[in-house]
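Data block below; observations after.
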Amino acid sequence: MIKLPIYMDCNATTPVDPRVLEKMLPYFKEVFGNAASKNHPFGRAAEEAVETARKKIARAVHVSEECEVIFTSGATESNNLAIQGVARQFQDRGKHIITCVIEHKSVLDTCRYLETGGFQVTYLPVDREGVIDLQQLESAITDKTILISIMHANNEIGVVQPVAEIGRMAKKKGVFFHCDAVQSIGKIPVDMQALSVDLLSLSAHKLYGPKGIGALCVRKRNPRVRLTPLIYGGGHEQGLRSGTLNVPAIVGFGEAIEIAMREMVEESKRIFLFRESLRTQIVTALERVYVNGSLKHRLPGNLNLSFPFVEGESLLMELSEKVAVSTGSACTQLSMEPSYVLKALGIGENLVHTSIRFGLGRFTTEEEVNFVANYVVTIVKRLRELSPIYQVARVEKTRAAV
Ligand SMILES: *Cc1c(COP(=O)(O)O)cnc(C)c1O
């Protein structure tokens, strides 16, 4: 028997892995010290746990020596600290930033805010596949450009950007490169050295760790990236992020990233096969289903489909009874706006409203994939039977064939 509802929204968040929770529990009770209280064993035990987690994170992004890992409240804060921190620190060098139209809101809104303070921001477009054009990026760089902020993989369509090429270009031009790697870490290799990334944002809860903890990895050599902090106080985290550290969450983050690194190759292979099974089952049973974003440059667990001739609202409502999925990103859903990411791909507004994001993850099973495929097919077929425009389109297609 399959357990309902099925969770298939892993780009929004993931459950805490039981192994992660197990490691966290002692840090609520026995090892409850303040990691800043270095004068007694309670504090020192907490500090030790924090430093162990920090090393695991640095190792996961391949920068044990070159980088500082700064703990934050999540990737929203990491993105703010990276962008505002560089902007404030280096504004005498120039006030130009380059980003992309499909970035997460925590990047876009931060850039919008900086524009009100006299910064210029270039928002690079993407092609139909959801990928930026490197030539456009190169010609956008001026002698006033201080920062390029481009995500590794997108949260709505799972499309992976050519980050190594971007990093190489940024390095050549002497511009800092910030990369939001929240969606890619643990799914595909993320190597700050190989990708020439100077600042990297991470979040634990997209990686089977707890919510409310993230990190910004900051290069401290070749080049050293100095930042102006957002939060002042006790001088924690090299003075870049004051505030008592959330030790249990940090321990969980470290464990989550270690497990992800150990199991990534095998897990990604399995999830990719499930994703492809879901996709082929749906597109063979239904005509006119569109995949949004490149299938080639894509995270293994993400599928974003448009179902023309159905009412998006009805589709989601019926689906939601048994399957947790998302239309566009969770954040845009709050305001029920058509996804800006899908619109940026050139997809018409009507079609955007019929789009569903499936996020498969570590705990997705084959039975669930088959159930969801069947369920989606049944609902879409039924809704299309009710759609007058679908009937018209079908008649036209038959005529054209004759
Ligand atoms: C979820 C997400 C964020 C925000 O992370 P939080 O830890 O929830 O603040 C930022 N960028 C991307 C790409 C995300 O998917």
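Whatever order the structure lists ligands and atoms in, that order sets their numbers, starting from 1. Computed from a predicted model, the values in this text were never measured in an experiment.
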(request) Would you indicate whether Glu385, at its atom CD, is surrounded by more than 12 heavy atoms from other residues, nucleotides or ligands within a distance under 6.0 Å? (result)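 More than 12 heavy atoms, drawn from other residues, nucleotides or ligands, come within 6.0 Å of this atom.
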(request) Give a yes or no on whether Phe42 atom CZ has more than 12 heavy-atom contacts from other residues, nucleotides or ligands under 6.0 Å away. (result)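 Not buried by this count: 12 neighbours or fewer within 6.0 Å.
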Only heavy atoms of [X], strictly under 4.0 Å: list the atoms of ligand 1 that pass.
X      : value
Ala75  : 3 (C), 4 (C), 5 (O), 6 (P), 7 (O), 9 (O), 10 (C)
Met151 : 13 (C)
Lys206 : 1 (C), 2 (C), 3 (C), 14 (C), 15 (O)
Thr76  : 4 (C), 5 (O), 6 (P), 9 (O)
His205 : 6 (P), 7 (O), 8 (O)
Gly74  : 7 (O)
Ser203 : 6 (P), 7 (O)

(message) Testing the 3.5 Å rule here: is there a donor-acceptor pair between the side chains of Ser277 and Gln281?
(response)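 Side-chain D/A pair, Ser277 to Gln281: present.
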(message) Taking Glu156 first and then Arg357, would you say they form a salt bridge - that is, a charged N and a carboxylate O separated by under 4.0 Å?
(response) no
(request) Specify side chain, backbone, both or neither for Asp180, according to which of its non-hydrogen atoms lie closer than 4.0 Å to ligand 1. (result) side chain
(request) Report yes or no: does Thr354 contribute a side-chain atom to a donor-acceptor pair with the main-chain N or O of Phe307 at less than 3.5 Å? (result)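 Between the backbone of Phe307 and the side chain of Thr354 there is a qualifying donor-acceptor contact (under 3.5 Å).
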(message) Using ring-ring contact (aromatic ring centres under 6.0 Å, His included), reason through Tyr208 and Phe363 one step at a time and then give a plain yes or no.
(response) CA-CA 10 Å; Tyr208 312 95; Phe363 303 111; 5.7 Å; yes
(message) I'd like to check whether Glu77 has a polar contact with ligand 1, where a contact means an N/O of the residue lying under 3.5 Å from an N/O of the ligand.
(response) no
(request) Report yes if some heavy atom in the side chain of Leu303 is under 4.5 Å from a heavy atom in the side chain of Met8; otherwise report no. (result)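 No, their side chains stay 4.5 Å or more apart.
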